[in-house]
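No hydrogens, no waters, no symmetry mates; every other heavy atom, side chains included, goes into these values.
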Amino acid sequence: MFSNLYDIIKEVDNQTIIKLDKENIIFRVHFEGNPILPGACMIEICRELIERKKNRKLNIKNIKNVKFLQLISPEEFSEIVFDINMSEYENELNVKVIIEDTTLNQIFAKINMILENA
């Protein structure tokens, strides 16, 4: 959905490392002169990464809890770790994601949501 917003650098077990494209239009409009990754984009990136892991299209059924703990500036943090834990029950995935910078030991967001087959 977010063309050229990020590239996947590495996938290991439950972790996916992405590199943000700081030249993406999203960062020019949100916010000009002080770019940050919008929370909606964080949630959508989570969904896209889980689709990739599960090799199927998914929809967000319910966002149970979201905590945005720190802003993600593409100037300051270009590589971001998505630590994704999932449990599947019937046709639903219960997903808990921690978005972080493991190098600096900083957590940007915690997301808990339910996904279902599209």
Side-chain donor/acceptor of Asn59 to backbone N/O of Lys61, under 3.5 Å
no
Can Cys41 and Leu5 be said to form a side chain to side chain contact (heavy atoms under 4.5 Å, CB included), step by step?
CA-CA 9 Å; Cys41 292; Leu5 177 58; 4.2 Å; yes
For a quick check under 3.5 Å, do Asn24 and Asn4 share a side-chain donor-acceptor pair by atom type?
no
Can you tell me how far CG of Asn112 sits from CG of Asn62, rounded to the nearest 0.5 angstrom?
9.0 Å
Residue that, paired with Ile18, satisfies side-chain contact (heavy atoms from CB on, under 4.5 Å) out of Asp7, Ile9, Leu49:
Leu49
Just wondering, are more than 12 heavy atoms of other shown residues or ligands nearer than 6.0 Å to CG in Asn105?
no
Exercise: identify the closest heavy-atom pair between Arg56 and Asn117:
NE-OD1, 2.7 Å
d(Glu100 CD, Ile107 CD1) to nearest 0.5 Å is 6.0 Å
Spacing of Ile111 atom CD1 and Arg47 atom CZ [to the nearest 0.5 Å]
12.5 Å
Is the shortest heavy-atom distance from the side chain of Asn94 to the side chain of Lys64 under 4.5 Å?
yes
In Å and rounded to the nearest 0.5 Å, what is the CG to CG distance from Leu93 to Leu58?
6.0 Å
For residues Lys22 and Pro35, determine if any side-chain heavy atom of one lies less than 4.5 Å from a side-chain heavy atom of the other.
no
Report yes if the side chains of Ile80 and Leu37 come closer than 4.5 Å at any heavy-atom pair, otherwise no.
no
Measure the spacing between CG of Asp83 and CG of Asp13 and express it to the nearest 0.5 Å.
10.0 Å
Taking all heavy atoms of Ile84 and all of Lys53, pick out the closest pair and write down the distance.
CD1-CE, 4.0 Å
Return yes if some donor-acceptor pair links the side-chain N/O of Asp101 with the main-chain N/O of Thr103 below 3.5 Å, else return no.
yes
Tell me if the CZ atom of Arg52 is crowded by more than 12 foreign heavy atoms within 6.0 Å.
no
How long is the gap from CD1 on Ile98 to CZ on Phe82, to the nearest 0.5 Å?
12.0 Å
For Ile43, run the side-chain contact (heavy atoms from CB on, under 4.5 Å) check against Ile99, Val97, Val66 and tell me which one passes.
Val66
